[in-house]
Amino acid sequence: MAEPSIATALRCALADLEAILPEYDPEHEHSAWETITELRTLVDSEERLQAADRYDPATQIVIVWSVEDVLEVRPDLAEEQAIQVLRLVDKNHDASIGTNWETLESFASDLFGEAPPEPE
């Protein structure tokens with residue numbers, strides 16, 4: 001029997017997590033919700049799943065940016081808005097620039113305007 005692909009394993013992991021976790025409730029945080037959000041984003045992208053199946057940790061690296069990272073630079077955003085920022089960053093990725101704190105902040109500003117001033 002052939003080993004399951006990474007894509008299949010990710011789909012199964014997402015299904016398992018969704019089956020055991022309660023519905024998202026912003027008043028009762030659970031650390032696995034961020035993992036589920038990231039898995040959904042990955043599983044929803046056939047291109048990313050194919051890349052995951054080709055991933056070889058001996059010869060490749062993967063850099064991950066998360067909702068938490070977006071909220072670090074833009075704490076005024078909601079989680080769903082942070083997800084939108086990540087999707088836009090991914091869609092418009094420029095390998096000559098890369099992704100960094102400034103690109104997260106820039107794309108967030110493009111989508112949702114400038115961040116409100118921090119209280120003094």
Side-chain angles (χ1 to χ4, degrees):
M1 183 170 146
E3 287 191 32
S5 68
I6 292 173
T8 300
L10 289 171
R11 285 185 178 112
C12 291
L14 177 60
D16 289 346
L17 283 171
E18 289 177 328
I20 62 172
L21 281 171
E23 288 293 316
Y24 176 75
D25 179 359
E27 292 184 24
H28 299 92
E29 289 293 322
H30 194 291
S31 60
W33 284 325
E34 185 174 323
T35 302
I36 286 176
T37 300
E38 291 171 7
L39 276 173
R40 279 187 189 132
T41 301
L42 182 59
V43 168
D44 288 345
S45 169
E46 192 61 38
E47 179 181 341
R48 285 184 176 271
L49 286 176
Q50 290 171 1
D53 279 340
R54 293 187 308 270
Y55 174 65
D56 178 2
T59 61
Q60 298 172 314
I61 64 168
V62 175
I63 310 290
V64 176
W65 290 91
S66 69
V67 167
E68 185 177 89
D69 295 319
V70 175
L71 296 176
E72 182 73 25
V73 295
R74 284 296 300 269
D76 60 302
L77 299 180
E79 183 175 316
E80 183 56 43
Q81 291 173 308
I83 292 168
Q84 290 175 32
V85 171
L86 289 174
R87 288 186 178 143
L88 187 63
V89 168
D90 183 43
K91 179 179 178 188
N92 294 288
H93 181 259
D94 181 340
S96 65
I97 297 170
T99 300
N100 56 52
W101 298 109
E102 291 174 2
T103 55
L104 294 179
E105 193 165 16
S106 175
F107 279 100
S109 294
D110 289 349
L111 281 173
F112 303 107
E114 295 296 319
E118 293 186 26
E120 294 181 27

Check Trp65 against Ile63 and note the closest heavy-atom contact, atom names and distance.
-> NE1-CG2, 3.8 Å
Kindly write out the residues that satisfy salt bridge (Lys or Arg N to Asp or Glu O under 4.0 Å) with Asp76, not counting sequence neighbours, or none if the list is empty.
-> Arg74
Between the main-chain N or O of Leu88 and the side-chain N or O of Asn92, is there a donor-acceptor pair closer than 3.5 Å?
-> yes
Scan for side chain to side chain donor-acceptor pair (under 3.5 Å) pairs involving residues 96-115, sequence neighbours excluded, and state none if there are none.
-> Asp94-Ser96
Check Leu104 against Val73 and note the closest heavy-atom contact, atom names and distance.
-> CB-CG2, 4.1 Å
Taking all non-hydrogen atoms of both residues, which atom of Ala78 and which atom of Leu71 are closest, and how far apart?
-> O-CD2, 4.2 Å
If you measure from CD on Gln84 to CZ on Phe107, what distance do you get to the nearest 0.5 Å?
-> 14.0 Å
Working to the nearest 0.5 Å, report the span between OG of Ser66 and CG of Leu86.
-> 7.0 Å
